[in-house]
Amino acid sequence: MKPQNAESIMAPAILVTGGAGYVGSHTVMSMLERSESVEFEIVVVDNLSNAYRSEGQKKPAPLRIIEEMTGKNIHFYELDIRDKEGLDKIFAAHNIECVIHFAALKAVGESVEKPLEYYQANISGTCTLFEVMRDHGVYKLVYSSSCTVYGEPEKLPLDESHPTGRGLASPYGRSKYFCEEIMKDLCKSDPKWVVISLRYFNPVGAHHSGRIGEDPTGIPNNLMPFIAQVAVGRLKELVVFGDDYPTIDGTGVRDYIHVEDLAEGHVKAIKLFKDPAFSGFHAINLGTGTGYSVLQVVAAFERASGRRVARRAAARRAGDVAANYADAARARRLLAWRAARGLPDMCRDAWNWQSRHPHGFRDC
Ligand code: UDP
């Protein structure tokens, strides 16, 4: 339990689950870079299931680098969110005001092969976290959701009123959708809950310093890290999944968003919690509103890196849609947020990170 009068002696804290991961670490960086968030301590819980472990180090590399760059401390716990007792102790030890919940498995293809692992980690884990939040009277939550919840777009751009949960192609997508439904139920059950579900489009790029970035384990599933690894010589060629879609050049179109813009969206979301009139469940798209094809991304990356990216066309990937991009109006209205960085910035920063760290955090 918290010591008596804990709230009066402990600084308010933000709990970030999955804070050592790609979007999580950039969000922690974004919070600590800002002088207005110094009022909060940052507490990160991560099981490091998708992170490189540096031998003999207490904290994972991205968090150590963020501490070094900002001169600020991050409380770190290596813990799986399904460990209820462990979570309980962390909530007792800090004065947690709100939670940003990133911790989840996220490989779409893998989720088709391992549905139980995905439902366990993403749904059971999330329910355990919510139980502990409720037990400690913490009801403010920012959730890391995905445009995957929309399934096959019925119309473009995708706004938040588009139906969700229909025709979802993977357990990963369904786990995000189910968690949103659970959060809606929580908000109906008790008006104390305030939930902001941020539906990400395609996060790419890296911190502009080039010191933290995306470090996928194994062969990347996603386009930008795959291209970056071809450009740096780790992979031979990009396989373009499908060149016969009804798009500008036949390849798939997505709304890529710079990870620093995405991180700033979370910082803005947390500010909404200050408004006592703001309550209930809110889904908000985080995207730029512009779609680019695979070949347009390749061309932009070649320009940014000065390297040629070898590629060959192949069959469509199962579960892929031809195109999706966001209507980002609600984020502008509610969060006063809009993406400030374009595709050339995304490619420049992805290349800056990759070329300095060909093997990711192993090179740190
Ligand atoms: N893609 C590709 N080759 C790859 C990885 C992705 O052609 O090795 C394409 C994919 O078919 C889609 C786009 O790049 O059109 C973005 O895919 P990604 O996996 O990055 O994100 P998704 O939108 O599927 O979540």
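Side chains included, hydrogens not; waters and symmetry mates left out as well; all remaining heavy atoms used. First listed ligand is number 1; within each ligand, the first listed atom is number 1.
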**Student:** Would you please say whether a donor-acceptor pair under 3.5 Å links the side chains of Y172 and E110?
**Tutor:** no
**Student:** Nearest heavy atom to atom 7 (O) of ligand 1: which of F226, Y172, F241 does it belong to?
**Tutor:**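 Looking at heavy atoms only, F241 sits closest to atom 7 (O) of ligand 1.
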**Student:** Looking only at protein heavy atoms, identify the closest one to atom 25 (O) of ligand 1 and say how far it is in Å.
**Tutor:**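 Here the closest protein heavy atom is N202 ND2, 3.9 Å.
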**Student:** Give the atom numbers and elements of ligand 1 that come within less than 4.0 Å of a heavy atom of N221.
**Tutor:**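 Listed by number with element: 5 (C), 19 (O).
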**Student:** Angle class for the F178/Y119 ring planes (parallel below 30°, perpendicular above 60°, tilted otherwise)?
**Tutor:** tilted
**Student:** Are a donor atom and an acceptor atom from the side chains of D345 and H208 found within less than 3.5 Å of each other?
**Tutor:** no
**Student:** What part of Y256, side chain from CB on, backbone N/CA/C/O, both or neither, has a heavy atom under 4.0 Å from ligand 1?
**Tutor:**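 The answer is the side chain.
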**Student:** Do R356 and N352 pair up side chain to side chain, a donor and an acceptor below 3.5 Å, judged on atom types alone?
**Tutor:**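 Checked: R356/N352 side chains pair up, N/O donor to acceptor below 3.5 Å.
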**Student:** Are any of the N/O atoms in V239 less than 3.5 Å from those in ligand 1?
**Tutor:** yes
**Student:** Salt-bridge test for K184 and E181: reply yes if a basic N is under 4.0 Å from a carboxylate O, no otherwise.
**Tutor:**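 Salt bridge present between K184 and E181.
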**Student:** Can you figure out which of R311, R254, R317 has its heavy atom closest to atom 17 (O) of ligand 1?
**Tutor:**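 When every heavy atom of R311, R254, R317 is considered, R317 comes closest to atom 17 (O) of ligand 1.
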**Student:** Hey, does L223 come in under 3.5 Å of ligand 1, counting only N/O atoms on both sides?
**Tutor:** yes
**Student:** Indicate the ring-plane relationship of Y200 and F102, choosing parallel, tilted or perpendicular according to the 30° and 60° boundaries.
**Tutor:** tilted
